[in-house]
Amino acid sequence: MQGSGKKINTEKDDGKIRALIARAMGEEDESAAVIEMLRDFRWNMTLYHCAIREVQTKFEVLDEELSISRARNPIDRIESRVKSPESIAGKLRRNNLGFSIKSMRENLNDIAGIRIICQYIDDIYTVANMLCKQDDITVVKIKDYIKDPKPNGYRSYHMVVEVPVFFSEQKHFVRVEVQFRTIAMDFWASLEHDIKYKKEIPDPELLAADLKECADIAYSLDVRMQSLRDKIL
Ligand code: 0O2
């Protein structure tokens, strides 16, 4: 995930997006329908960027407040990204869905993504619950891969929320996927993610078993660090 400051609605990116749209619509690059959808696509991407800012600010505020009341910051760092047009089109294709604005708004929960990296497991549940309680936030879905890790060892707490974004004329509700991880879980997931995209892996089964063991070691470190910290509070 990268900083949400990255703007995608530049002339340079337009060519790629226009080509994607034209292919999906079976139209010429320059056709009026393609230009119209391009405008709509850019407008929606702006909405997702703004939704990220709204949610990110909420976490920054919580972190600052908790740093005063608890004398430490529960959030180590925040990362965010808006999914690239290619990834959006790819995910829709894999799910046998057409590439349209309606389809992506309705079917994809992770176009806007935020990752909250915390020091301790407890901090994850603390800040996640604090976000849920805010009255402008609607929780759409929760997947707790900390309590129920994936078979490969992946642990994270995933939450899809809907947040209002106020534009000049109207309020728009936008979905944002928030992934909460400890530093150790994030360390593991980054390596696992990089390996997943490597084409040639010498002994994939051994590597998968090694990775699973590392995930369990990382989790046991998280639990022990948490318990040490609890002793000094
Ligand atoms: P990227 O490049 O990180 O964006 P849903 O969105 O609920 O309809 P989905 O997409 O299966 O269904 O959601 P899920 O299970 O909540 O996982 C979504 C994201 O979690 C992934 O996004 C990853 O970021 C992360 N994730 C899930 N499982 C793993 C895993 O085994 N290893 C790692 N490293 N990350 C994982 P994307 O779109 O796959 O990728």
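When a ligand or atom number is given, it counts from 1 through the structure's own listing order.
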query = Does Arg175 have a non-hydrogen atom less than 4.0 Å from ligand 1?
reply = no

task = Might you work through the ring-ring contact (aromatic ring centres under 6.0 Å, His included) test for Trp188 and His193, ending with a clear yes or no?
result = CA-CA 9 Å; Trp188 181 92; His193 183 271; over 10 Å; no

key: Aromatic Phe166 / basic Lys171 pairing, under 6.0 angstrom, 45° off normal   = no

message = So if I count the atoms of ligand 1 from 1 in the order they appear, which ones are less than 4.0 Å from some heavy atom of Lys150?
response = 27 (C), 28 (N), 29 (C), 31 (O)

query = Can you list the ligand 1 atoms lying under 4.0 Å from a non-hydrogen atom of His193?
reply = 2 (O), 34 (N)

ask   = Does Glu64 CD have over 12 foreign heavy atoms under 6.0 Å away?
value = no

ask   = With a cut-off of 4.0 Å, which atoms of ligand 1 are near a heavy atom of Lys141?
value = 5 (P), 7 (O), 8 (O)

task = Indicate whether the side chain of Asp76 and that of Tyr120 have a donor and an acceptor atom separated by less than 3.5 Å.
result = no

task = Could you tell me which atoms of ligand 1, counted from 1 in the order shown, lie closer than 4.0 angstrom to a heavy atom of Ala189?
result = 34 (N)

message = Does this structure show an ion pair linking Glu177 with Lys141, if we count only N-O contacts that are shorter than 4.0 Å?
response = no

note = If we number the atoms of ligand 1 from 1 as shown, the ones under 4.0 Å from a heavy atom of Lys91 are 6 (O), 10 (O)

inquiry  = With a 4.0 Å cut-off on N to O distance, would you call Lys102 and Glu106 a salt bridge?
reply    = yes

task = Give the atoms of ligand 1, by number and element, whose distance to some non-hydrogen atom of Arg115 is under 4.0 Å.
result = 24 (O)

inquiry  = Looking at Glu79 and Arg81, is there a salt bridge between them, counting it only when a charged N and a carboxylate O are closer than 4.0 Å?
reply    = no

request  = List every atom of ligand 1 that sits less than 4.0 Å from any heavy atom of Asp110, numbering the atoms from 1 in the order shown and giving each element.
outcome  = 38 (O)

message = Could you check whether Lys143 makes a cation-pi contact with Tyr145, meaning its NZ or CZ is under 6.0 Å from the centre of the six-membered ring and within 45° of the ring axis?
response = no

query = So is there a nitrogen or oxygen of Asn109 less than 3.5 Å from a nitrogen or oxygen in ligand 1?
reply = no

message = Residue-level breakdown please: for Arg94 versus ligand 1, do any non-hydrogen atoms fall below 4.0 Å on the side chain, on the backbone, on both, or on neither?
response = neither

inquiry  = Under 4.0 Å between a side-chain nitrogen and a carboxylate oxygen: does that hold for Arg72 and Asp123?
reply    = yes

message = For Asn152, which part has a heavy atom under 4.0 Å from ligand 1: side chain, backbone, both, or neither?
response = side chain

Option whose closest heavy atom lies nearest to atom 16 (O) of ligand 1, chosen from Lys83, His158, Glu192 = His158

task = Output the list of atoms in ligand 1 that are nearer than 4.0 Å to some heavy atom of Arg81, sorted by atom number.
result = 4 (O)

ask   = Does any N or O atom in Lys143 lie less than 3.5 angstrom from one in ligand 1, N or O only?
value = yes

